[in-house]
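Structure first, commentary second.
Just so it is clear, the structure is predicted and the values come from calculations on it, not from any experiment.
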Amino acid sequence: MTPLLQLSELARSFFSLWTLFPCVLFLFGGARAVLQKRLWTALWSLSGLAGSCFLWQTLFDVHLFGDGPDAAAVSLRLCALPVLVWAAVLAALTAAAVGILFALSRREKRSVTPAAVKQCLDSIPCGVGIFDDDGRVLFPNVCMNRLAVALTGERLLDGKDFGKLTVGKVLPLEGRQWRFRDRDITLGTTRVRELIAADVTAEYAGIEALRKDQAALSRLNRALRDYTLSIDETVRRQEILQAKVRIHDEMNRLMLSTAAVEHGNVDEENKIFSLWEQNALLLGMDAEPDAANKDLGDLEAFASALKIRLVFKDPVPPDLSGERRNLFLSAAREALANAAKHADAENMEISFSETQDAVGCAFTSDGRLPAGEVRFTGGLYNLSVLAEKQGAKVRARVGEGFTLSLLFPKTR
C-alpha cells in the first residue's frame, strides 16, 4: 500500500484539511457539552480535539520539511503509514465528532437544560425576572428587559429598585396594561424573589366595560327608584283624597244627624259630639303627612283625643332614632287609629324587646277582636311598604288582645 509520505503535495494538503474538520467539530462539541454541564462528553471532545490537532501538526511538519532531517521522527513514522490507515483514522474521528454533536443536540431537544429553560422563558408573552435580596439580577427574560427599558430607559439592572416601582401595580407600557407581582421562591438552599409581569389588557378592558355598564345600571336603578317613589307619593295622595272625601261625606251625615237629634237628649248629644271629634282628628291626621315626626307627647295627646289610655311598658330603645323613630311613631298612630275605629279600644300597651339581631315594638290593644284573617290594606299596607324600605317587618297577631308588631334589624 502507498504510504501517505509518497503522495503528492496536493493529496497531503487534502488530508491536512480533513484533519482540521474534526478539530472544529470537537471544539464546537466540547463547548456545547460544557454549556449543558456534560462533563464526560466534554472530556471525550477534548480527547478527540487533541488527537485531531496532533495529526494535523504531523501533516503540517511533513508539509514544511518533507522527509528531510529537519522533520520530526514521529511525523516521518506516522506519515509512513498507508493512506488507508490515515483515511480510517480520520473517518473515525469525524464520525466521533459528528456523533457527539448529534447526541448533544438530541439531548438539548428532549431534556430540560438551562439553555432550554432560557429559550422557553424568552418565548413566553409575560415578563419574568429573578433577583436576590440585594437586588442583584440573576435572570431576566426578553420581555422583562423590554418592559424595564420602556419604564426606566435601561435594561433590568436592579431588581429591588425595579420592584418598588412596579409590584402591586397595573402600568400602561408599550400600549398595553401590565400587572406586576412578586413572590419568594427557594432554589436549592438559595432564597430569591421572582417578579412576574402579566399582560392584562383584555381583562382590564373587560373591567372598564363592566364599570361603565354598572354606572349605567346605577343610573337606571336611581331613575326606577325615583319613579317608584313618585308612584308611592301619588298613591298616598290619592288615598288621602279618598279619605277626605269619606270624612267629608261622614261629616255631612253627622251634620244631618246633629240637626235631627232631639234637644235635651244628653246621651245622643254626647255620642254625636264624640263622632265629630273623631272625624276631625282623622281629617287632621290625613292632612299632615309629616305627623310621624312628632314626639311621644304628641302621640299621647293623640291617644287622649281618641279616649285611649296609652301605656309604655318599656323605655324607647336607643336604636329607634331618625327614620326608625319616624316609622315607629307612624305605626303607633296607625295602631291607635285602628283601635279606635275598629275595636272601640280603651287601652293600648306599647312594649319593646331586643335580641341579638333585632329590636321589636309591640302595640297591644283591648276591645273587639277582628274576625278572620287580618289583611294589610289601607294604612297597614302603607305602613308595611315604609317598613320594607328600612328592612323592617310588620306583623299582626290576635290573642287576648290585638297586637301589631314592628320588627327592626339591629344596627351594628
### Query
Is the count of non-hydrogen atoms from other residues, nucleotides or ligands lying under 6.0 Å from Arg193 atom CZ greater than 12?
yes
### Task
Under the side chain to side chain contact (heavy atoms under 4.5 Å, CB included) rule, what do Leu55 and Leu59 come out as? Steps first, then yes or no, please.
CA-CA 6 Å; Leu55 293 179; Leu59 291 174; 5.7 Å; no
### Message
Quick check: closest heavy atoms across Val398 and Pro370, and the distance to 0.1 Å?
### Response
CG2-CG, 3.8 Å
### Task
Evaluate the side-chain proximity of Phe15 to Trp56: yes if any heavy-atom separation is below 4.5 Å, no if none is.
no
### Task
Please indicate whether Phe376 has more than 12 foreign heavy atoms, meaning atoms of other residues, nucleotides or ligands, lying under 6.0 Å from its CZ.
yes
### Query
Roughly how far, to the nearest 0.5 Å, is the CG atom of Leu407 from the CZ atom of Arg395?
5.5 Å
### Message
Does atom CZ (Phe28) have a neighbourhood of more than 12 heavy atoms from anything else shown, all under 6.0 Å?
### Response
no
### Message
side chain to side chain contact (heavy atoms under 4.5 Å, CB included), that's the test. Do Leu147 and Trp178 meet it? Break it down for me.
### Response
CA-CA 9 Å; Leu147 295 177; Trp178 297 87; 3.7 Å; yes
### Task
Step by step, work out the side chain to side chain contact (heavy atoms under 4.5 Å, CB included) result for Phe131 and Glu194.
CA-CA 7 Å; Phe131 56 92; Glu194 179 187 50; over 6 Å; no
### Task
Kindly indicate whether the side chain of Val316, heavy atoms from C-beta on, has any atom under 4.5 Å from the side chain of Ile350.
no
### Task
Please report the shortest heavy-atom distance between Ser384 and Val394, naming the atom on each side.
CA-CG2, 4.0 Å
### Query
Within 45° of the axis and under 6.0 Å from the centre of the six-membered ring of Phe302, does NZ or CZ of Arg333 qualify?
yes
#### Entry: Pairwise distance CH2(Trp18) to CG(Leu90) - rounded to 0.5 angstrom
5.5 Å
### Query
Is Glu388 reaching over with its side chain to a backbone N or O of Lys393, donor-acceptor style, under 3.5 angstrom?
no
### Query
To the nearest 0.5 Å, how far apart are CG in Leu329 and CZ in Arg324?
14.5 Å
### Query
Phe363 versus Thr403: any side-chain heavy-atom pair under 4.5 Å?
no
### Carboxylate-amine/guanidinium proximity below 4.0 Å for Glu346 and Arg309
no
### Message
A side-chain contact here means heavy atoms from C-beta on lying under 4.5 Å apart; do Leu81 and Trp86 qualify?
### Response
yes
### Donor-acceptor contact below 3.5 Å, side chain Asp122 vs main chain Asn141
no
### Task
Would you sort out whether Leu383 and Leu327 count as a side chain to side chain contact (heavy atoms under 4.5 Å, CB included), showing the intermediate values?
CA-CA 8 Å; Leu383 181 65; Leu327 182 60; 3.7 Å; yes
### Query
Could you give the distance from OG1 (Thr364) to CZ (Phe402), rounded to the nearest 0.5 Å?
9.5 Å
### Query
Is there side-chain contact between Glu354 and Pro317, with at least one heavy-atom pair below 4.5 Å?
yes
### Task
Measure across Leu156 and Gly159 and return the closest heavy-atom pair with its distance rounded to 0.1 Å.
CD1-CA, 4.4 Å
### Message
Are Phe408 and Phe352, when compared by the centres of their aromatic rings, separated by less than 6.0 Å?
### Response
no
### Query
Do Ile196 and Asp182 touch side chain to side chain, with heavy atoms closer than 4.5 Å?
no
### Task
Scan side-chain atoms only and decide if Ser52 and Thr19 contain a donor-acceptor pair under the 3.5 Å cut-off.
no
### Query
Short question: side chain of Ser304, backbone of Glu300 - any donor-acceptor pair under 3.5 Å?
no
### Query
Should the pair Arg191-Asp184 be classified as a salt bridge under the 4.0 Å nitrogen-to-oxygen rule?
yes
### Task
List the steps and the verdict of salt bridge (Lys or Arg N to Asp or Glu O under 4.0 Å) for Asp357 and Lys410.
CA-CA 5 Å; Asp357 300 321; Lys410 193 129 185 208; over 6 Å; no
### Message
Could you report the tightest heavy-atom contact between Ala42 and Ala33, atom names first, then the distance?
### Response
N-CB, 3.6 Å
### Query
Do the non-hydrogen side-chain atoms of Arg176 and Leu173 ever get within less than 4.5 Å of each other?
no
### Query
Is a side-chain donor-acceptor pair under 3.5 Å present for Asn347 with Asp366?
yes
### Within 6.0 Å of CZ in Arg32, more than 12 heavy atoms from elsewhere
yes
### Residue Leu10 excluded, over 12 heavy atoms near CG under 6.0 Å
no
### Message
Other residues, nucleotides and ligands only: do more than 12 of their heavy atoms fall within 6.0 Å of CZ on Arg146?
### Response
yes
### Task
Taking all non-hydrogen atoms of both residues into account, name the closest pair between Pro22 and Ala97 and its distance.
O-CB, 4.3 Å
### Query
Are Leu195 and Met144 side-chain neighbours, meaning at least one heavy-atom pair lies under 4.5 Å?
yes
### Query
Under 3.5 Å, side chain of Ser123 to main-chain N/O of Cys120, donor-acceptor pair present?
yes
### Message
For the NZ atom of Lys307 and the CG atom of Asp344, what is their distance to the nearest 0.5 Å?
### Response
12.0 Å
### Query
Just how far is it from atom CG of Leu93 to atom CZ of Phe26, taken to the nearest 0.5 Å?
5.5 Å
### Query
Any donor and acceptor pair, going by atom type alone, linking the side chain of Asp134 with main-chain N or O of Arg136 inside 3.5 Å?
no
### Message
When you compare the side chains of Asp199 and Thr201, does any donor N or O come within less than 3.5 Å of an acceptor on the partner?
### Response
yes
### Summary
Scanning both residues in full, the closest heavy-atom pair of Leu104 with Gly29 reads CD1-O, 3.2 Å
### Message
For Phe54, is there any backbone N or O sitting under 3.5 Å from a side-chain donor or acceptor partner on Thr58?
### Response
yes
### Task
For the pair Ser105 (side chain) and Phe102 (backbone), establish whether a donor and an acceptor sit closer than 3.5 Å, ignoring hydrogens and angles.
no
